[in-house]
Amino acid sequence: MKRVFNFSPGPSALPLPVLEKAAAELCDANGSGQSVMEMSHRSKDFKPIIEKTEALLRELMGIPAHYKTLFLQGGASLQFAMAPLNLAGVEQGAPRKKAAYIDTGVWADKAFKEALKYADVSVRASSKEASYTHIPAAPAPDPDDAYYHITLNNTIVGTKWNKLPETGAVPLVVDASSCILSEPLDVSKFGVIYAGAQKNLGPAGVTVVIIREDLIGAAPSWTPALLRYDTHVKEGSLYNTPPCYAIYMVGLVLEWLKNLGGVEAIANINREKAGLLYSYLEHSKAFLSPVAKAARSLMNIPFVYRDVPSDKKADLESRFVKEAAAAGLVNLAGHRLVGGMRASVYNAMPIEGVKALIGFMEQFEKNL
Ligand SMILES: *Cc1c(COP(=O)(O)O)cnc(C)c1O
């Protein structure tokens, strides 16, 4: 069997023990004589799977009792619409509600643009002028803001919020797609946390939403049933057929994480992994991290050549990505919008993968 070190930003590598368990159970899950893919979502066989997945998520994240957890579809991109619809949507003809957005990159901007359709949202701070290489100072919300939205980890540029904005009574809504479960998070500080699964939780197809109870049920009457949080809360994420297999896989990933020691334990490993790569980049003669130190992501680590003539840049970047792939280190190209290189080192990336990458880069430098 061939396994590479996969630095893909998403969908991303899964822990090998998880894939092996899924393979072993593929045709007969739990002695049911069926694959999880073949089960009715309302069957006695599937019920314990979704219940176990939810219980593990609640345990690992320390989710307080007054928060609901949902397994939805549509990715983080659908949450860009669901959050404003449910938290700030109004009946037809009523005055629009306000909400605050902080612009820290492509995903934050997409979330903002989608919310414009449903509410009177505005960007209160942005780091766009600096190519998003830092997190801007976060202004206080207006008292009548329905919510305050940030992207907790910016997957493309490799920044993260190390200190949350103070939003007082205004609920903080966060896109945690690329950092959920990478380090401890005090859930009680948030109104809504949402995350597509395909970076740190499992395969694509399921989106986790964690929502404070008092924020549920305010969607305007014209909201499609499937886009209302209260629809899914009432039905325990079983209003319609959920992505059963993806939920099952998230359960296996959470079990793996629990066996490893939980979020504190993986956070230590993640800090060590990122620390190795950042300190190499600081001393490298060929590469550097373009991101401000105080804002560096643990999960997505972009790097660029220190100085190359602009006419050679694209060639050298593709040479790096190609030679790395030949050495078993794949998906290291930067996002198509920003170029350069990027190593995504989510929970499932072992420290050996990061060490192998650094070893490769040291060798590559010598041959430049
Ligand atoms: C990947 C990603 C998204 C997009 O997620 P989809 O599941 O494709 O909708 C949104 N936000 C962040 C921070 C991401 O990393």
Side-chain angles (χ1 to χ4, degrees), residues 3-15 18-19 74-80 104-111 127 131-133 135 150-161 174-183 194-208 246 249-250 253 266 269-271 273-274 276-278 281 287 289-291 295-304 314 317-318 320-322 324-325 327-351 353-354 356-358 360-361:
R3 293 284 295 171
V4 292
F5 287 121
N6 181 4
F7 295 88
S8 167
S12 329
L14 286 163
V18 165
L19 294 173
S77 299
L78 188 57
Q79 293 311 307
F80 296 168
T104 53
V106 170
W107 294 119
D109 183 54
K110 280 199 171 165
S127 50
S131 307
Y132 295 122
T133 51
I135 298 287
I150 63 169
T151 310
L152 209 49
N153 182 80
N154 295 278
T155 323
I156 294 171
V157 285
T159 62
K160 72 160 172 153
W161 288 80
V174 297
D175 179 352
S177 293
S178 51
C179 61
I180 191 165
L181 288 169
S182 64
E183 53 185 343
Y194 62 86
Q198 69 272 22
K199 277 97 188 213
N200 235 354
L201 286 175
V206 63
T207 306
V208 165
M249 287 294 291
V250 170
V253 170
I266 200 80
I269 298 171
N270 287 335
R271 288 184 200 113
K273 277 154 43 185
L276 285 175
L277 196 44
Y278 284 122
L281 289 170
F287 306 103
S289 157
V291 173
R296 284 176 179 173
S297 168
L298 289 180
M299 297 282 98
N300 310 99
I301 306 182
F303 49 95
V304 294
E317 287 174 357
S318 69
F320 180 91
V321 171
K322 238 170 134 173
L329 308 162
V330 307
N331 292 321
L332 281 160
H335 191 274
R336 63 198 150 81
L337 294 175
V338 297
M341 284 73 69
R342 170 180 49 171
S344 293
V345 290
Y346 298 115
N347 288 355
M349 173 59 67
I351 195 153
V354 173
L357 173 61
I358 293 170
F360 170 81
M361 289 169 82

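- Summarising the geometry of Ala246 relative to Val206, their closest heavy-atom pair is CB-CG1, 3.8 Å, with the distance given to 0.1 Å.
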Please step through side-chain contact (heavy atoms from CB on, under 4.5 Å) for the pair Leu357 and Val345, ending with a clear verdict.
-> CA-CA 11 Å; Leu357 173 61; Val345 290; 5.9 Å; no
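- Distance check, rounded to the nearest 0.5 Å: CG of Leu201 to CE of Met249 gives 11.5 Å.
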Test side-chain contact (heavy atoms from CB on, under 4.5 Å) applied to Ile156 and Asn154, step by step = CA-CA 6 Å; Ile156 294 171; Asn154 295 278; over 6 Å; no
Walk me through it: do Thr207 and Leu78 pass the test side-chain contact (heavy atoms from CB on, under 4.5 Å)?
-> CA-CA 9 Å; Thr207 306; Leu78 188 57; over 6 Å; no
Pair Leu277-Ile358, side-chain contact (heavy atoms from CB on, under 4.5 Å): steps then yes or no = CA-CA 7 Å; Leu277 196 44; Ile358 293 170; 3.8 Å; yes
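- At least one side-chain heavy atom of Met361 sits less than 4.5 Å from a side-chain heavy atom of Leu281.
- The OG atom of Ser344 sits 8.5 Å away from atom CE of Met349, with the distance rounded to the nearest 0.5 Å.
- Residue Leu152 holds its CG atom at 9.5 Å from CD1 of Ile180, rounded to the nearest 0.5 Å.
- Using modelled atom types, no side-chain atom of Thr104 and backbone atom of Ile135 make a donor-acceptor pair closer than 3.5 Å.
- Within the 3.5 Å criterion, the main-chain N or O of Val354 finds no donor-acceptor partner in the side chain of Lys273.
- Under the 4.5 Å side-chain criterion, counting only non-hydrogen atoms from C-beta, Trp161 is not in contact with Val174.
- Here the closest non-hydrogen pair linking Arg342 and Asn300 is CD-CB, 4.3 Å.
- When the options Leu298, Asn270, Asn347 are evaluated for a side chain to side chain contact (heavy atoms under 4.5 Å, CB included) with Glu183, the one that passes is Leu298.
- Scanning both residues, Leu332 and Ala324, for their nearest heavy atoms gives CD1-CB, 3.7 Å.
- One distance of note links CH2 of Trp107 with CG of Asn153; it measures 13.0 Å at 0.5 Å rounding.
- For the pair Leu14 and Ala348, the tightest heavy-atom approach, listed with the atom from each and the gap, is C-CB, 3.8 Å.
- The two atoms that bring Ser12 and Tyr346 nearest to each other are OG-CE1, 3.3 Å, heavy atoms only.
- Atom OG of Ser178 is separated from atom CG of Asn200 by 8.5 Å, given to the nearest 0.5 angstrom.
- In plain terms, the two heavy atoms of Arg296 and Ser289 that are nearest each other are NE-OG, 3.5 Å.
- Side chain to side chain, Asp175 and Thr151 fail the donor-acceptor criterion of an N or O pair below 3.5 Å.
- When ring centroids are compared, Phe5 and Phe360 stay outside the 6.0 Å threshold.
- In this structure, Ser297 contributes its side chain and Met299 its backbone to a donor-acceptor pair below 3.5 Å.
- Summarising the geometry, atom OG belonging to Ser8 is positioned 9.5 Å from atom CD belonging to Gln198; distances are rounded to the nearest 0.5 Å.
- The closest side-chain heavy-atom distance from Leu19 to Arg3 is below 4.5 Å.
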